[in-house]
Visitor: 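Structure in structure tokens, see below.
Only a predicted model underlies this, so the values are computations on that prediction, with no experimental measurement involved. Below, chains carry the letters A, B, ... as their sequence lines are ordered, and counting in each starts from 1.
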Amino acid sequence: MIYQGKQKIWSEYQKEIPDDHWYYVRSCIRQNFFPASERMFTEITRNVLGKDIYETPSHTTCGGIAYHCDTIPQETVMTIVARQFALMTEAGYENYVASCITSFGNYAEILETWHEFPELETKIRELLWKACKKEFKKPKYLAHSSDLIYKFRGEIAAKGRFRLVDKETGEPLRIVEHIGCHYAKMFPHKGVGGAEYPCVLSGMIEAWGGQVIDYPERRHCCGYGFRQYHVQANRGYSLSNTHKKFESMEPYHPDAIITNCPGCPYFLDRWQYVIAEQTGKTYGRDGFGIPVFTYEELAGLVLGYDPWDLGLQLHQVAVEPFLDKIGIEYDPSAKYKGLDKKDILRPGLPQNLKCF
Amino acid sequence: MIDRVASGFHPFVLPFLFGMIFVLGYCLYGIVKILLQLSHEDRRRFLLSLINPVTAWKNIKDIFLNCLLHVKLWKRNPVLGYMHSSIAFGWFMLIVLGHIEVMLFVPHRMRQVWYPIFFNYFVAEGPGPATVQGALLFTLMDFFLLVVLSGIALAMIKRVRSRIFGMRRTTRPSFLDRVGLYSLWAIFPLRLLAEGFTAHISGGGFLITPLNWVFRQFLGDQLHMLPTWWAYSIALCIFMCVLPFTRYMHIPAEMMLIPMRNAGLKIKHARRGFTRAMVWSCPNCGVCIDACPMSVKKINLKDTTVYLNRNIRRGNEERIEQISDKCLLCGKCREVCQIGLDGPSIRIAQRAMRSYGLNQDYTSFRPAPAPAGHKLLYFAGCMTQLTPRISKAVGSVLDKAGLDWEIMDKDGGLCCGRPLMTAGRFVQAKQLIRQNSELIRASGCDTLLLSCPICYKIFKERYKLEGVRVVHTAEFFEELIQTGALHVEKGDIRYVFHDPCELGRGSGIYEQPRRILGRAGYLVESEPNRAESICCGGSLGSLTLGFAQREDMTRNALKHLTEGGPDAIATACPLCLATFSRYADRAVQDIAEILDRVSSKG
Amino acid sequence: MEFGFKLSPSSAVNLDQVDLSLYERLAAIEPDLRICMACGSCSATCTAAPFTGMSVRKVILDLQRGKEKEAAKMLSGCMLCGKCTMVCPRGINTRHLILSLCRIYGTKAKEEGK
Amino acid sequence: MSKDNIVIIGGGIAGMTAASRLLRLGYTPIIVEESDHLGGHVAEWHKLFPDMAPAQDIVQRLAEEVSAANIFLSTRVLFINRLHDTYIVMLNNGVSIQAQAVLIATGFNLFDATKKEEYGYGIYDQVLTNRDLERWFTTGDDPRLNGHEVKRAGFVHCVGSRDVKAGNTQCSKVCCVTAIKQAIELKEKFPDAEIWCFYMDLRLFGKKYEDFYINAQKDYGIHFIRGRVSEVSEGLDGRVIVKAEDTLSGKPVKVTLDLLVLMSGMVCNATINPIATSLGIDLDSDGFLRSKDNISHIVSSGRKGLFLAGACTGTKTVPETIAEANSAALDIHLYLTEGK
């Protein structure tokens, strides 16, 4: 690997990310899968970095899932997105940051489509006006929330309590980065680092002391694939794609995977359990899996937040070996206690995948 | 004539006796072996044929004509014929006359088997005057010895200059072959010497008596007599001892082969039974080398039938496999072979011996039914589908003749099975035969017309289509012309006809296509033709010959075909047509095309 | 545990692990195997193709990709009629190729003790 | 000796061939070459198909033939102005020439393989271009290959050719046969190597090219896979993993290789474009200079006294280039003696 070669490519794919004043839109599903992630994003940006992040409860789905499942027409998605932009305009913001990769791709695609076909934009403006009497300005800057964390990765590292290194050996931890497909594969110039060698997550890993792992299937989809998962008859295909990724990364013995998409961490995490049940195979050490984190969770760990406050007990794959390796302290007995310190019940333990 | 030696024995007969017992023993072993290797029904059939007076007479006649007189060889090459029959028949007569002598003069010695062979040593001229019988026998004996010696002399010349005898290539004798050959050559001159040295005692005819006189002019004593008799006996011994392991095995083997063939046996195994008799019968003359279309390339010389036999005798499995697979199965070697050795069938039997990891099965195939309601069905076959000009011409001719016909395999059908047959895949071929037969029977036709001789041969021989006449276009069109169903206008084009292997040698159709061409234009013949026609080189028979390796064969066949300067080359096989068309410098046409061009409604 | 869905085997051909022994054995017997340029003439003309999808081109390709079973399935309908040999622009002796392959399947199975 | 000045822009084989002819026709042409040596791309090549002739032979022969010409190395043309029937050619070394005829023979550039990011040129040590490999064949020195035994190698055809995404829709003509040639040369160096060629179509149109193909298959056992490489990544052991679709079987394939050679295609050498357009030569739809027409007037620009030869008007093979250069020299001679 010629590192300079990658840097050269990265230098060609740098996008402008404004410092402050962001209109933040959440993902439909992340709060269910990894509930602390978006909370961590606002926490870090507002309280740690002191940025202005605005949210509104009126905001809805972007329609991306339905769009990629082929269940609604493009005009409908565009009108939904136009309404989101109207909300941003009403709030007086022009920097738009999405928590979801599919939303980000959806926004990018729609803005690009309107750019190529202005008559479509006019039509959507009319539709939006007819539907809810709203008008909008297009965002000046569009970012994914991981772009922001990438931008402030240095500050986070500086303020952090922990680094991604093995406390015993001092060696950097080996981290696999997985970028959501809709981040840059459609519009390489909209992503940090382009589509082939994106650096949005690898930048964080390196800034926080870890070592990025390149493995053959690193560009491969996590397996979610919308239709593949949602239709049960296709679900085996979804699983097989995840399996392919794990088979490919296994020889590199990664300590963790970090992701920037709502679906990816979910499927990379949960399918490890299904693969273990079906084939008996686990990919971590000693029968454990490879823990999968969102970049906000990882940032939270680096900054020293309590793992259970970060919702890591909701992960399928046990995170404890990873925490132990860095030396992050946690109370094993508090794992399944709620905020009120009462037991929130323990999940049943899988047969083949080792968990606590 | 009286006994000269009281015991009637001398140690010098021992080598002869040993050789004699050995060779007879070996032959007995061979006969038993072959008989045991035959299938039960073949053995029964063979043994019954031996006591059937008709076949028995035929056996005797064939053995006499072929083994002793070499009639077939005489027809082909009189000099070679004389050479072979002089040795074989002359020797035979020496033995017969020897026995007559014993019978007449010393009948009490009949039980001493060596007596007739060394007669002249053991007898002395009686005190009385010479009898007429004695003189006649002596004369005959000397005459036949001279005949044999003339044959040996020719053989020696042939050994040095085979081209004088019209043979371009011949086989290289093995070491034992040479031992056999030289001992055979030695036997008769030695006998001449031995009898020559003894003639003043035993008496003799016109040859040995003067010889004896000459010898005695400068060799006064009798010291030379005994050593020459010893040498004569030893030469006989050597010859008989090596005989089973040399080409001379053909002498006894052919006497076995002829009755077996007359009993109607077929080759069923590439080594055993009938094939064994055939292989032993091969005299290694090498006629098949020149005949083989592959021999146009030197590299193929050792893949001819004579080498197949040699390798079967030596048990060289690898070479047997190679030789079996390379052959085009054109059948020309069988045609020219003096003993009628069926090289192609042995090869097919060899191919059939293999076991395959993958055995094709066509039982699940559901071919389209053959069109019903037509009396005449035309089966174009796989190859004709690649030469549509033939099928088009056939159709046109049939229309002109006003016949109610239809193509059976318009949208492609099943293969006829012949290619599988030649590859030794009999079980698979039979499946196709069964399926095709059902299709044809279901169609209700009464005539099946074929333009491809490959299909024709198998339809004719292996299909059991009661009430359906299987006919090749060459036959059928000739009939149409004869009956006046077609009117033919003679053109001025000069055609040469190439006899396709499967049509000519394979099915015996030589005249009909020539008659068609004679009506359509002018027929020029080229040599060799008919039964000795040269394969086009495209034959499906060969499994291993690649495209590039066949080119020289095709060009060689073309060279011979075009020697008479024909305007066009006519043939009656789609494969020959396609093969020749690649390299020919003039038009190559199927007889159907030619006929279509010159014919109109009758 | 029954999930109602399963891992599906990968359809990808991994050239690192592909077993070319059958292909190489065949090439030793019939070297022209190597010069196929996959034009498909053999498949188009094949007498057996309507019945089993036989295609010499695909057989060669399957062997090159280590897919012996697929090749065997197609071969099971070959009638050895020789049309493919006639049309091959590179003059490959397809009949010998097929016959040899059918034999090698046997010898290979024997060696593997099946 | 004619007094007419002829400026030849480009000292590759096109420019040199034309110069050699013009010298024999009695002119003293002026060659302006941007690099420090004559011979262009061919000078960097090892052997030329189809006869495997050393590329140096032709370059040296031409260099000897043109030694009597005026040659400016490491020199660029700044601009050309037209003055009636003559051209004022201004060079960056301060020289200005009044020329009666100008021949543009600026050739092509090799497609920049780093633009196909997914193939990892410049990212992975085992990924080379066709030019790198030729250079290694000539010099035997390349840090990426030194001391490495090549056991498995791949050639990717059509890198930057026939690729709308790379901005190059045309076929580069020579890559198919070059890949086969290089595969054979590589196989000769590493007889045990397994070599795969990944192609979209094999376009072996020229004299004896098909023989190369058959030899590669038959004698060298090179494997051909009809499918374009989609991406390249690095395996744990440092070798590259190549993924493609085997379009013949309709299945994805992947293979681990020690060496991957990208057959970079030909793209227009754009440095001449501003000058050419200022003189009224348009760019054709393939990005190369537009000839008067593409059938009978390939060497003619349609402008008086302005001629074109070689790969500046499109992808060309070496013999095509030489033939065009000869033709251009003759056209220039006819123009100067009769035409004007």
Side-chain angles (χ1 to χ4, degrees), chain C residues 8-44 49 53-75 88-94 96-97, chain D residues 151-155 176 180 183-184 187 192-204 209-227 229-231 233 235-237 239-258 260:
Chain C
S8 39
S10 172
S11 70
V13 174
N14 188 343
L15 294 175
D16 297 343
Q17 281 155 22
V18 66
D19 174 16
L20 289 177
S21 60
L22 211 56
Y23 176 77
E24 291 299 341
R25 265 183 220 220
L26 188 56
I29 298 170
E30 188 52 66
D32 279 357
L33 170 70
R34 296 189 193 278
I35 62 171
C36 172
M37 56 173 173
C39 73
S41 304
C42 48
S43 329
M54 168 68 182
S55 156
V56 182
R57 169 186 83 76
K58 281 197 216 156
V59 166
I60 295 176
L61 183 71
D62 281 345
L63 293 185
Q64 284 173 336
R65 307 291 184 259
K67 296 193 288 184
E68 299 175 5
K69 285 202 189 90
E70 288 87 339
K73 193 162 166 262
M74 278 187 281
L75 284 168
C88 178
R90 286 241 166 131
I92 300 173
N93 187 350
T94 49
H96 186 232
L97 190 154
Chain D
K151 293 206 185 83
R152 298 160 78 82
F155 286 82
C176 284
I180 290 172
I184 288 174
K187 184 87 179 178
D192 297 329
E194 293 278 351
I195 299 180
W196 284 269
C197 283
F198 294 89
Y199 67 96
M200 296 201 279
D201 288 298
L202 283 176
R203 299 184 162 182
L204 299 162
Y209 291 8
E210 186 73 3
D211 299 353
F212 254 74
Y213 179 23
I214 297 178
N215 286 350
Q217 286 177 294
K218 196 175 185 173
D219 303 334
Y220 294 91
I222 290 158
H223 311 285
F224 288 85
I225 293 181
R226 191 186 178 286
V229 169
S230 61
E231 63 178 70
S233 46
L236 194 57
D237 55 2
R239 298 191 295 168
V240 284
I241 296 169
V242 172
K243 294 205 278 182
E245 195 212 0
D246 173 16
T247 57
L248 295 180
S249 59
K251 294 277 158 62
V253 289
K254 69 168 184 176
V255 60
T256 312
L257 302 175
D258 304 314
L260 185 70

Visitor: So, does D/Ser230 use its side chain to make a donor-acceptor pair with the main chain of D/Lys243 at under 3.5 Å?
Guide: yes
Visitor: Of all residues at least two apart in sequence or in a different chain, which pass the side-chain hydrogen bond (donor to acceptor under 3.5 Å, both in side chains) check with D/Thr256?
Guide: C/Asp16
Visitor: Residues two or more places apart in sequence or in another chain: which of them pass side-chain contact (heavy atoms from CB on, under 4.5 Å) with D/Leu202?
Guide: D/His157, D/Cys176, D/Tyr199, D/Leu204, D/Tyr213, D/Phe224
Visitor: Check for a donor-acceptor pair, side chain of D/Asp258 on one end and backbone N or O of D/Ala153 on the other, with a separation under 3.5 Å.
Guide: no
Visitor: Tell me the residues of residues 64-75 of chain C whose non-hydrogen atoms fall below 4.5 Å from those of chain D, in number order.
Guide: C/Arg65, C/Lys67
Visitor: Please flag which part of D/Ile225 lies under 4.5 Å from any non-hydrogen atom of chain C: side chain, backbone, both or neither.
Guide: both
Visitor: Using atom types as modelled, flag every donor-acceptor pair under 3.5 Å from a side chain in residues 29-38 of chain C to any protein atom, sequence neighbours excluded.
Guide:
from	atom 1	to	atom 2	distance (Å)
C/Glu30	OE1	C/His96	ND1	2.5
C/Asp32	OD1	D/Lys218	NZ	3.4
C/Arg34	NH2	C/Glu24	OE1	3.0

Visitor: Please rank C/Gln17, C/Lys58, C/Arg57 by heavy-atom pairs under 4.5 Å with chain D and give me the top one.
Guide: C/Arg57
Visitor: Looking at every heavy atom in both C/Leu97 and C/Leu26, which two are closest together, and how far apart are they?
Guide: O-CD1, 3.6 Å
Visitor: Taking D/Lys187 for the side chain and D/Ala193 for the main chain, is one N or O donor matched with an acceptor at less than 3.5 Å?
Guide: yes
